[in-house]
Every structure is written in C-alpha cells, then in structure tokens.
Amino acid sequence: MTSLRGKAQTVLGPVEPDCLGYTLTHEHLTMNYSSCFCPPSPGQEALSDGPFEMKNLYWIKQNPYSHKENLLLCEETDAVKEELLHFKAAGGGTIVENTTTGIARDVKTLKKLAEETGVHIIAGAGFYVDSTHSPQTQAMTVEQLTGIIVDEILSGADGTDIKCGVVGEIGCSWPLTASERRVLQAAAQAQAQLGCPVIVHPGRSSQAPGRIVRLLQEAGAKAAKTVMSHLDRTIFDTEELLEFAELGCYLEYDLFGTEFLHYQFQPEVDMPSDSQRIARIRLLIDEGYEDRILMAHDVHTKNRLLKYGGHGYSHILKNIVPKMLIRGISQDKIDKILIANPKRWLTFE
Ligand SMILES: CCC(=O)NCCS(=O)(=O)O
C-alpha cells in the first residue's frame with residue numbers, strides 16, 4: 001500500500017479516478033514490433049520491404065506483421081497526437097498504454113502526448129514476451145524483477161521520473177517460459193505490495209488465461225485487480241469462457257477493429273469480427289459478468305491508424321458503441337464497461 005491508494009497514476013502524476021471518463025484499457029501509442037516480424041510468403045519480399053502505397057494497403061491489412069515499416073508505430077507520433085485529439089472530441093478520457101520493456105516503451109513521448117492533447121495516459125511497467133527479454137532479464141530473480149516493476153511505478157521508468165500506473169502488458173508465450181513465470185510472479189508481488197492494477201497478454205492457447213491467473217494468485221495477486229487481455233483470439237468455447245470468468249479477473253475484448261482472414265500468429269484460429277466480439281460481450285453480460293468486461297483496440301501497427309486507412313482509436317466510441325446499442329446492450333451497461341470497470345481496475349488499493 002502506498003500514498004497512491006485511492007488514486008490512478010497517469011504519466012503526468014496521480015489523478016482522482018472520477019476524472020478518467022471513457023477509458024480504453026489496452027492500446028499502444030508508440031512502440032516497435034519488429035521483434036514479431038513474420039517473414040512474407042515466397043515472392044512477396046518486395047511488398048514486405050516496400051513503402052506504404054494505396055495499392056499495397058489491402059496486402060498490408062491481411063499481412064500486417066510481414067510489412068517491415070508497419071511494425072514501427074514509434075514513427076507516427078504526430079499522427080497519433082491527431083488521433084488522440086479525435087478520441088477526446090469523441091468523448092474519450094483515458095488511454096492505458098500497454099507498451100512494456102522489449103517493445104520500445106517511450107514514456108517521454110507518452111508524457112508529451114498527454115500534455116499536448118489533454119488525454120489521460122497511463123503507462124505500463126514490466127516486460128513483454130520471453131523472446132524480447134534481454135539476457136540480463138532472463139538471469140534475474142523474482143525479487144530483482146519485482147524491484148524493477150515497483151521502481152517503475154514509484155520512481156519512474158527508463159531513467160526518467162515518469163511513472164507507470166499499471167503493471168503490463170506482461171507478455172506470455174504458450175507454454176510459459178521460465179523467465180515469463182518469474183516476471184508473472186514479480187508482477188503479483190508488485191501488486192501485493194502496491195495494490196496496483198495488472199494486465200496480462202496470454203499465450204495463444206485457451207488454457208493460457210486460466211494457467212496465468214492461477215499462477216498470479218499463488219504468487220499473491222488478486223484476480224479482481226487483474227485484466228486478461230486478448231480473449232477475442234484466445235478462448236472460443238462458451239463453456240471454457242464461463243469457467244475462466246469464474247476466476248474473477250477482468251475479461252478484456254481488446255482487438256476491436258482487427259478483422260482479417262488469416263491470423264498470421266496462429267493460422268488455425270479464425271480471428272472474430274467486431275460483430276462476433278459484441279455477441280461475446282452480450283453473452284458475458286447475460287451471464288452476469290457486466291462488472292468484469294473491458295474493451296479496447298490494441299492499436300500496435302501503423303495500418304490501424306486513420307492516417308493509413310485504419311479504424312483509429314475512436315472506433316469503439318464512434319462505431320462499436322452505436323452497434324452495441326442496436327444489439328440491445330444499454331447505455332448504462334456500456335458506461336460500466338467503458339467507465340466504471342476501468343476506473344475500479346485502475347484505482348490503487
Ligand atoms: C504488443 C501488441 C500485442 O501484443 N498485440 C497482441 C496481438 S495478438 O497476440 O493478440 O495477435
């Protein structure tokens with residue numbers, strides 16, 4: 001427990017949780033995803049190395065992780081700033097920026113964006129998936145990793161005095177690696193010490209979310225302060241989803257706007273459409289989980305920005321909310337999902 005109790009922590013300092021407003025709990029504003037580059041199919045190398053062009057946009061949309069420039073969201077600060085102003089104009093209040101160590105977190109840029117747009121930005125502490133862990137990270141004990149995470153929240157990240165306000169996204173592969181298990185245990189210990197929110201990127205198996213929540217709980221974390229991200233591409237079976245929901249963590253559908261035929265990271269999975277995501281959320285509401293649902297877009301590549309013909313950061317507020325209303329989800333429930341649930345999760349205990 002710290003003096004942060006009862007507050008949320010943005011890159012500009014602690015704030016009263018009531019001021020957060022409509023909140024996207026899983027986005028990226030600047031990051032480098034080159035570590036997850038997928039080599040293109042034979043014969044498509046020129047497209048992979050080439051620039052963005054109108055005639056290539058459809059290929060990039062279908063192969064987002066094979067276009068080298070597409071992975072450099074860190075080059076788009078001006079476009080992102082413009083989009084944050086759109087988000088604010090659409091009624092948006094807060095963005096949780098999930099970039100952690102391994103994918104080029106840049107808290108100085110986040111602070112500048114928050115100052116210049118008036119959008120609350122909350123930065124993430126901790127580490128992305130094992131393949132991005134440095135040899136030093138791999139060699140650390142749980143206590144050392146905990147010390148780093150706690151320091152990023154209490155003192156500042158990456159040699160600055162700019163402080164993180166959540167732990168995560170903590171990256172997990174499937175199966176979990178030894179280094180990822182230690183990072184999860186450290187995240188749990190940081191949560192037990194600080195009462196801070198935690199958010200996890202699960203590996204691509206329907207067993208991964210449950211395994212991770214149990215590991216966190218065994219290491220001292222509260223499920224009720226933890227978000228499981230990317231459920232849209234992870235748990236498809238209804239019974240399995242409801243069994244997972246029983247564990248008590250937040251259930252995040254955070255790939256809104258991602259609609260493609262071929263999911264490059266796991267071709268055997270059919271990525272759902274936005275309509276299917278809304279149907280899942282409706283099911284969870286009907287089953288009594290309206291206090292546990294969160295939504296976001298997880299923008300992490302250039303092609304998802306308005307500048308490149310993408311849906312941008314305002315898609316949920318502008319397009320998805322009206323569709324949810326048409327599908328019989330009341331404004332009251334939508335406000336729970338986009339305001340009350342994020343506020344409860346982001347408030348330090
Ligand atoms: C850093 C961005 C990220 O991890 N996005 C998740 C993509 S996916 O694993 O859900 O496809």
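In this chain, residues are counted from 1 in sequence order.
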Which residue pairs pass the salt bridge (charged side-chain N to carboxylate O under 4.0 Å, His left out) test with at least one member in residues 111-126, sequence neighbours excluded? K81-E116, K112-E116
May I ask you to decide if L255's main-chain N or O and D232's side chain share a donor-acceptor pair within less than 3.5 Å? yes
Are V227 and V200 linked, directly or through other ILVMFWY residues, by side chains that come within less than 4.5 angstrom of each other? no
Do R105 side-chain atoms and G124 backbone N/O form a donor-acceptor pair below 3.5 Å? yes
To the nearest 0.5 Å, what is the distance between CZ on R304 and CD1 on I60? 14.5 Å
Less than 4.0 Å between a side-chain N and a carboxylate O, is that true for K163 and E152? no
Joint hydrophobic cluster, L251 plus M271, side-chain heavy atoms closer than 4.5 Å: yes
Check whether any side-chain N or O of Q138 sits under 3.5 Å from a backbone N or O of Q136 as a donor-acceptor pair, and report yes or no. no
Show every donor-acceptor pair shorter than 3.5 Å between a side-chain atom in residues 317-331 and any protein atom, with sequence neighbours excluded, or say none if there are none.
| residue | atom | partner | partner atom | Å |
| --- | --- | --- | --- | --- |
| N319 | ND2 | H315 | ND1 | 2.9 |
| S330 | OG | K333 | N | 3.2 |
| Q331 | NE2 | D335 | OD1 | 3.0 |

Rounded to the nearest 0.5 Å, how far apart are NE2 of H230 and CG of D254? 5.0 Å
R282/D286 salt bridge by N-O under 4.0 Å criterion: yes
Just checking, any donor-acceptor pair under 3.5 angstrom between side chains of R181 and T177? no
Can you check whether L305 reaches V299 side chain to side chain, under 4.5 Å on heavy atoms? yes
Using a 4.5 Å cut-off on heavy atoms from C-beta on, say whether the side chain of T94 contacts that of I121. no
Could you go through the side-chain contact (heavy atoms from CB on, under 4.5 Å) check for V80 and Y313 one step at a time? CA-CA 9 Å; V80 167; Y313 298 94; 4.0 Å; yes
Do W345 and T226 have side chains that approach each other closer than 4.5 Å (heavy atoms only, starting at C-beta)? no
Side-chain donor-acceptor contact under 3.5 Å, H26 with S229: yes
Measure from the ring center of H297 to the ring center of F256 and say whether it is less than 6.0 Å. no
For the pair I153 and F348, evaluate side-chain contact (heavy atoms from CB on, under 4.5 Å) and give the outcome as yes or no after the intermediate values. CA-CA 11 Å; I153 293 176; F348 280 64; 3.9 Å; yes
Atom CD of residue position E45 - does it have more than 12 heavy atoms of other residues, nucleotides or ligands inside 6.0 Å? yes
Just checking Y128 against H133, ring centres under 6.0 Å apart? no
Are K302 and E75 within salt-bridge range, i.e. N to O under 4.0 Å? yes
To the nearest 0.5 Å, what is the distance between CG on D151 and OG1 on T146? 12.0 Å
Contact summary for S35 and I103, nearest pair of heavy atoms: OG-CG2, 4.2 Å
Atom OG1 of T301 and atom NZ of K61: how far apart are they, to the nearest 0.5 Å? 10.0 Å
Treat each ILVMFWY residue as a node, draw an edge where side-chain heavy atoms are under 4.5 Å apart, and state whether I199 and Y253 are in one component. no
Looking at every non-hydrogen atom in both residues, tell me the closest pair between Y22 and G91 and how far apart they are. CD1-O, 3.4 Å
Short side-chain to backbone donor-acceptor contact, N63 and H262, under 3.5 Å: no
Go through the steps to decide whether Q44 and S66 satisfy the test side-chain hydrogen bond (donor to acceptor under 3.5 Å, both in side chains), and finish with yes or no. CA-CA 9 Å; Q44 299 189 334; S66 296; over 6 Å; no
Is a donor on one side and an acceptor on the other found under 3.5 Å between the side chain of T117 and the backbone of V119? yes
Mark yes or no for whether E27, through its side chain, and D298, through its backbone, hold a donor-acceptor pair below 3.5 Å. yes
With H201, which of N98, I170, V129 fulfils side-chain contact (heavy atoms from CB on, under 4.5 Å)? V129
Answer yes or no: are there more than 12 heavy-atom neighbours, outside E239 itself, under 6.0 Å from its atom CD? no
Sub-4.5 Å side-chain heavy-atom contact between F260 and T258: yes
D106 versus L110: any side-chain heavy-atom pair under 4.5 Å? no
So, T160 and D158: side-chain donor and acceptor under 3.5 Å apart, yes or no? no
Can you name the closest pair of heavy atoms from E69 and P51 and give their distance? OE1-CA, 3.9 Å
Side-chain (T100) to main-chain (E169) donor-acceptor, under 3.5 angstrom: yes
Whether the side chain of E180 engages the backbone of D130 through a donor-acceptor N/O pair (distance < 3.5 Å, no angle test) should be reported. yes
Any idea which heavy atoms bring E259 and R277 closest together, and the distance? CG-NH1, 4.4 Å
Shared hydrophobic cluster for V183 and V198 (ILVMFWY, side-chain gaps under 4.5 Å): yes
Tell me the closest heavy-atom pair linking I285 and E290, and the distance in Å. CG2-OE1, 4.0 Å
Answer yes if L215 and Y250 sit in the same cluster of Ile, Leu, Val, Met, Phe, Trp and Tyr residues linked by side chain heavy atoms under 4.5 Å apart, and no otherwise. no
In Å and rounded to the nearest 0.5 Å, what is the OG1 to CD1 distance from T23 to I339? 7.5 Å
In a table with atom names and distances, give each donor-acceptor pair under 3.5 Å that connects a side chain of residues 202-214 to protein atoms at least two apart or in another chain.
| residue | atom | partner | partner atom | Å |
| --- | --- | --- | --- | --- |
| R204 | NE | Y263 | OH | 2.8 |
| S205 | OG | Q207 | N | 3.0 |
| S206 | OG | E240 | OE2 | 2.6 |

Minimum side-chain heavy-atom gap L283-Y289 below 4.5 Å: no
For a side-chain hydrogen bond (donor to acceptor under 3.5 Å, both in side chains) check, start with the C-alpha distance between T99 and H28, then their side-chain angles and the critical distance, and finish with the verdict. CA-CA 6 Å; T99 307; H28 299 268; 2.7 Å; yes
Would you compute the distance between atom CD of E76 and atom CD of E83 and round it to the nearest 0.5 angstrom? 9.5 Å
Output, in order, the C-alpha distance, side-chain angles, deciding distance and verdict of side-chain contact (heavy atoms from CB on, under 4.5 Å) for T77 and L113. CA-CA 8 Å; T77 305; L113 285 168; 4.0 Å; yes
Which heavy atom in I281 sits nearest to a heavy atom in I293, and how many Å separate them? O-CD1, 3.9 Å
Decide, yes or no, whether a salt bridge links K222 with E349 under the criterion of side-chain N to carboxylate O below 4.0 Å. yes
Side chain to side chain, F127 and T137, heavy atoms closer than 4.5 Å: yes
Keeping Q185 on the side-chain end and A219 on the backbone end, is there a donor-acceptor pair under 3.5 Å? no
Say whether, by atom type as modelled, one donor and one acceptor occur between the side chain of E82 and the main chain of A79 under 3.5 angstrom. no
Test side-chain contact (heavy atoms from CB on, under 4.5 Å) applied to L194 and V150, step by step: CA-CA 8 Å; L194 304 179; V150 166; 4.2 Å; yes
Centroid-centroid under 6.0 Å between F37 and Y65 rings: no
